[in-house]
There are 2 protein chains.
Amino acid sequence: MNQELTPIDDEQAIEIFKALSNQTRVSILQMLKDPENNFSSQAHVTKDEGFEGGICVSDIRSKIGISQSTTSQYLTILLQSGLVEMKRIGQWTYYRRNEETMKKLEKYIGLKI
Amino acid sequence: MNQELTPIDDEQAIEIFKALSNQTRVSILQMLKDPENNFSSQAHVTKDEGFEGGICVSDIRSKIGISQSTTSQYLTILLQSGLVEMKRIGQWTYYRRNEETMKKLEKYIGLKI
DNA sequence: TAGAAATATCGCAAATTATAGATATGCATT
DNA sequence: AATGCATATCTATAATTTGCGATATTTCTA
């Protein structure tokens, strides 16, 4: 079946590259690759809510060691570029990787650059 | 035989992402994909010198329409990130894409991010 | 309904990047 | 050796990004 992905355009690609040109934001993405391992609790919460692998802002913050406001801003940048997706559940906001964007980015580099 | 490429590390990847987070620099890379087509003359020069596909700075400049100093600076940024390589021949400096870095970047995104 | 906790947004100073003009350097020609 | 190109580097200013504390907003709970 293999649904074709709509490719990203130059503008979106550049927004992604900007998001990736910061070590802390790249580290956040890398941490989110293995939520179970990097973040002890909560796995069941997001799973039950249909948002498996989602991690809340404060967990990311304590793992990375930057301020709350910077954490929130970085996640917004990652969200707007499409590299992560989020879901609010109660007072928590959970973020997880958007693997589809990763694949699109890989294709963009292979084909368009 | 397929020689394995030494992978790039986070630091180099971020330098590459910075280089790519500018529309003009991305355009330069895209133009260099098809040197024959985008740049009329000179093809034979670089070929004879063992640097096929190389384009000189002033040709790139006139195609893109930015100042000479900005062109030179952008090419230096692309060079330092490894996305292009260069060869000086006489009074000209020729630049061409470094496809190996492209492949490494694709792998980096698929495996490390 | 008054706190408390989690997150987002605002406003700011510091650092970095963008871009260009001016100048320097290297090479070729006379 | 003087001049003319091609390119690189220097210097400066405007624009953007970084990262934080302060404040606002949302949601939960007593």
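Throughout, a chain's letter reflects where its sequence line sits, starting with A, and its residues are numbered from 1.
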Exercise for the section: Could you verify whether a donor N or O on one side chain and an acceptor N or O on the other, from B/Ser27 and B/Thr24, lie under 3.5 Å apart? Expected result: no

Exercise for the section: May I have the distance from A/Gln80 (atom CD) to C/dA8 (atom P), rounded to whole angstrom? Expected result: 12 Å

Exercise for the section: Specify the separation, in whole Å, of atom NZ of A/Lys18 and atom C1' of D/dT18. Expected result: 14 Å

Handout entry: Integer-rounded Å distance: C/dT16 C1' and B/Ile77 CD1
Key = 11 Å

Practice task
Give a yes or no on whether the backbone of B/Ile109 and the side-chain of A/Glu106 come within a donor-acceptor separation of less than 3.5 Å.
Solution key: no

Which atom pairs link the protein and nucleotides 7-13 of chain D when you take only N or O atoms and keep those under 3.5 Å?
{"unit_1": "D/dT7", "atom_1": "OP1", "unit_2": "B/Val57", "atom_2": "N", "d": "3.3"}
{"unit_1": "D/dT7", "atom_1": "OP1", "unit_2": "B/Thr93", "atom_2": "N", "d": "3.3"}
{"unit_1": "D/dT7", "atom_1": "OP2", "unit_2": "B/Ser58", "atom_2": "N", "d": "2.9"}
{"unit_1": "D/dT7", "atom_1": "OP2", "unit_2": "B/Ser58", "atom_2": "OG", "d": "2.8"}
{"unit_1": "D/dT7", "atom_1": "O3'", "unit_2": "B/Thr93", "atom_2": "OG1", "d": "2.9"}
{"unit_1": "D/dA8", "atom_1": "OP1", "unit_2": "B/Tyr95", "atom_2": "OH", "d": "2.9"}
{"unit_1": "D/dA8", "atom_1": "OP2", "unit_2": "B/Ser72", "atom_2": "OG", "d": "3.0"}
{"unit_1": "D/dA8", "atom_1": "N7", "unit_2": "B/Gln68", "atom_2": "NE2", "d": "2.9"}
{"unit_1": "D/dA8", "atom_1": "N6", "unit_2": "B/Gln68", "atom_2": "OE1", "d": "2.9"}

Handout entry: Partners passing salt bridge (Lys or Arg N to Asp or Glu O under 4.0 Å) against A/Arg61 (at least two apart in sequence or in another chain)
Key = none

Exercise for the section: Could you tell me the separation between the CD1 atom of B/Ile89 and the C1' atom of C/dA28, rounded to a whole number of Å? Expected result: 15 Å

Practice task
Please report, rounded to the nearest Å, how far the P atom of D/dA6 is from the CZ atom of B/Arg61.
Solution key: 11 Å

Practice task
Check every strand shown and say whether B/Arg25 touches a base, only sugar-phosphate, or nothing at a heavy-atom separation below 4.0 Å.
Solution key: sugar-phosphate

Exercise for the section: Apply salt bridge (Lys or Arg N to Asp or Glu O under 4.0 Å) to B/Arg96 and list each qualifying residue two or more places apart in sequence or on a separate chain. Expected result: B/Glu85

Handout entry: OP1 or OP2 of D/dT17 under 4.0 Å from side-chain N/O of A/Asn22
Key = no

Exercise for the section: Take atom CD1 of A/Ile14 and atom P of C/dT17, then tell me their distance rounded to the nearest Å. Expected result: 16 Å

Handout entry: Spacing between B/Ile60 atom CD1 and D/dA6 atom P, to the nearest angstrom
Key = 14 Å

Practice task
Spell out, as yes or no, whether a donor-acceptor pair under 3.5 Å connects the side chain of B/Thr101 to the backbone of B/Gly82.
Solution key: yes

Exercise for the section: Determine yes or no for a side-chain-to-main-chain donor-acceptor pair under 3.5 angstrom, with A/Arg25 supplying the side chain and A/Lys18 the backbone. Expected result: yes

